[in-house]
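To find a chain, count down the sequence lines: A is the first, B the second, and so on, and within it residues start at 1.
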There are 2 protein chains.
Amino acid sequence: MTDSRSRCGECPTRRFCLARDLDASGLDRLSALLAPPIQLSRGDYLYRFGDRTSALHLVRSGAFKTLTVTADGEEHVTGFHFPGEIFGLTGFTTGVHEDTAMALDTSSVCRVHVDELPGLWGAGCDVAFLRLLGEKESAATRLRILLSEPRAASRLAVFLLQLAERQRRLGRTTDVLYLPVSRTDLANHLGMTLEALSRVISRLSRAGLLAMERMEVRVLRQAELETLAGSR
Amino acid sequence: MTDSRSRCGECPTRRFCLARDLDASGLDRLSALLAPPIQLSRGDYLYRFGDRTSALHLVRSGAFKTLTVTADGEEHVTGFHFPGEIFGLTGFTTGVHEDTAMALDTSSVCRVHVDELPGLWGAGCDVAFLRLLGEKESAATRLRILLSEPRAASRLAVFLLQLAERQRRLGRTTDVLYLPVSRTDLANHLGMTLEALSRVISRLSRAGLLAMERMEVRVLRQAELETLAGSR
DNA sequence: CGTTGGATTGACGACCCTCAATCTGGGTGG
DNA sequence: CCACCCAGATTGAGGGTCGTCAATCCAACG
């Protein structure tokens with residue numbers, strides 16, 4: 001139970017979120033403005049489809065997935081979210097969430113109510129906010145390009161390389177990737193069937209390019225993965 | 001040459017952009033804050049990959065496309081943008097644009113510099129801004145789901161239905177869709193080859209579901225198109 | 001030890017990507 | 001005015017990949 005004066009100052013993600021540009025006193029001010037982070041366990045829902053939307057969310061630690069159900073009843077995993085990433089904006093269109101957010105692991109998230117945004121704007125978070133929005137759109141664009149890749153192996157390779165890049169920006173190692181995601185969810189997110197993903201993983205594992213376990217992926221030959229990513 | 005006091009008040013898109021919630025005096029104030037819209041002709045570049053990013057853009061009339069070139073030299077059409085839609089945020093990540101924006105037709109666009117954003121926040125545009133961001137993420141999500149559709153016919157059907165929905169929200173008819181896009185660009189955007197798209201269009205035209213010309217699409221049997229969209 | 005859910009592997013068929021030829025319409029120049 | 005050209009669009013043939021259906025395997029758990 002750290003008090004509010006130092007909470008943001010001690011946050012491991014403070015260089016990657018709205019606090020990116022703040023100095024010590026700025027961090028204290030931000031801590032005072034915001035409610036304490038929300039703690040969640042694996043499988044906990046942060047919000048569900050149809051909940052009233054009054055805030056946006058920033059991942060502090062752990063990982064989240066968001067998913068939607070389309071008109072014809074199909075479930076789609078629309079994104080995985082790691083520290084420093086913003087999500088939950090879709091709800092602002094209609095005032096209720098259009099997706100469901102679930103913690104993939106022990107996680108924490110900072111909730112920013114819409115009423116608090118003007119205050120943040122004056123607290124030196126304006127540039128950081130735009131930057132987060134830009135990174136969000138960039139990520140969405142890269143995912144779009146990934147999904148128009150016709151071959152399943154290329155899609156997986158691109159996804160893993162993008163995941164490595166996300167981890168690199170957080171200052172983590174890029175040879176062991178943190179990915180607490182089931183095969184089913186990953187296949188769904190990458191736009192392929194569970195079987196197709198399983199085959200690709202088997203093939204690439206046998207070839208010695210990577211090793212996938214429940215929670216982490218080891219990239220053994222990044223160069224060959226990059227070749228795969230670029231070959232149509 | 002309308003003067004700044006009435007410019008936004010006369011804009012046909014004022015109910016779909018940042019000015020959404022403003023009354024007459026609010027519209028006057030907004031007109032005074034912003035520079036006049038930028039006029040472009042078909043094929044004109046609004047900005048190019050690598051240009052310095054100092055503003056975001058809102059479509060006032062016409063249509064735009066954005067495209068990126070990936071590391072391996074492939075060109076990808078990342079989006080089509082219609083009145084009331086915001087684009088050009090990716091550049092805020094690094095300070096230079098990561099994509100290129102081109103007018104698809106005679107078009108106009110409102111440019112909002114980052115320095116002007118705090119002023120807009122105080123001018124009653126805050127909720128509208130969040131709403132535009134939410135709509136943007138919603139659209140990105142829908143496109144993601146579209147692209148994970150395995151069959152080409154379903155992808156086209158979903159795209160056309162989403163286009164109809166966009167037009168409906170602008171108060172236009174949904175049986176004739178405005179789409180000033182080449183086959184090549186559309187195929188690229190939908191993640192398939194030119195040939196595959198051509199075949200699908202031929203097939204659906206022969207079946208009497210739709211009629212596609214250079215600039216517009218006629219949806220002749222919406223119900224059957226919806227069936228196609230939902231059938232995996 | 002049996003059950004259960006997730007993951008893997010196999011066989012088959014449909015769809016799409018690739019390569020290639022043909023067709024169409026608009027613009028230019030002789 | 002017509003022949004030519006060129007880019008975009010259409011159509012065709014063949015092969016590879018993935019989706020589907022189904023059986024099997026595996027580990028965790030009661």
If you only use heavy atoms from C-beta on, which nucleotide in [options] is closest to the side chain of [X]?
X      : options                : result
A:M192 : D:dG19, C:dC15, C:dC17 : D:dG19
A:R199 : C:dA7, C:dT9, D:dT11   : C:dT9
B:P150 : D:dA9, D:dT17, D:dG19  : D:dG19
B:T184 : C:dT18, C:dT9, D:dA9   : D:dA9
B:S202 : C:dC17, C:dA7, D:dT11  : D:dT11
B:R155 : D:dG19, D:dT10, C:dC17 : C:dC17

Whole Å only: how far is the [atom1] atom of [X] from the [atom2] atom of [N]?
X      : N      : atom1 : atom2 : answer
B:D185 : D:dA9  : CG    : C1'   : 14 Å
A:E213 : C:dG6  : CD    : C1'   : 16 Å
A:L197 : D:dT17 : CG    : P     : 17 Å
B:E149 : D:dC18 : CD    : P     : 17 Å
A:L194 : D:dC18 : CG    : P     : 15 Å
B:I201 : D:dT11 : CD1   : C1'   : 14 Å
A:R203 : C:dA7  : CZ    : P     : 19 Å
A:L186 : C:dT8  : CG    : P     : 11 Å

Ring-ring centroid check B:F64 B:F80, cutoff 6.0 Å | no
Does B:D51 reach the main-chain N or O of B:R48 with its side chain, forming a donor-acceptor pair under 3.5 Å?
-> yes
Could you pick out which residue, A:A152 or A:E195, lies toward the 5' side of DNA chain D when each is mapped onto its nearest nucleotide?
-> A:A152
Polar side chain donor-acceptor pair, [X] to [Y], under 3.5 angstrom:
X      : Y      : answer
A:S61  : A:S107 : no
B:T90  : B:H97  : no
B:S138 : A:E98  : yes

OP1 or OP2 of C:dT8 under 4.0 Å from side-chain N/O of A:R183 | yes
Determine: side-chain N/O of B:S182 to OP1/OP2 of D:dG8, distance under 4.0 Å, yes or no.
-> no
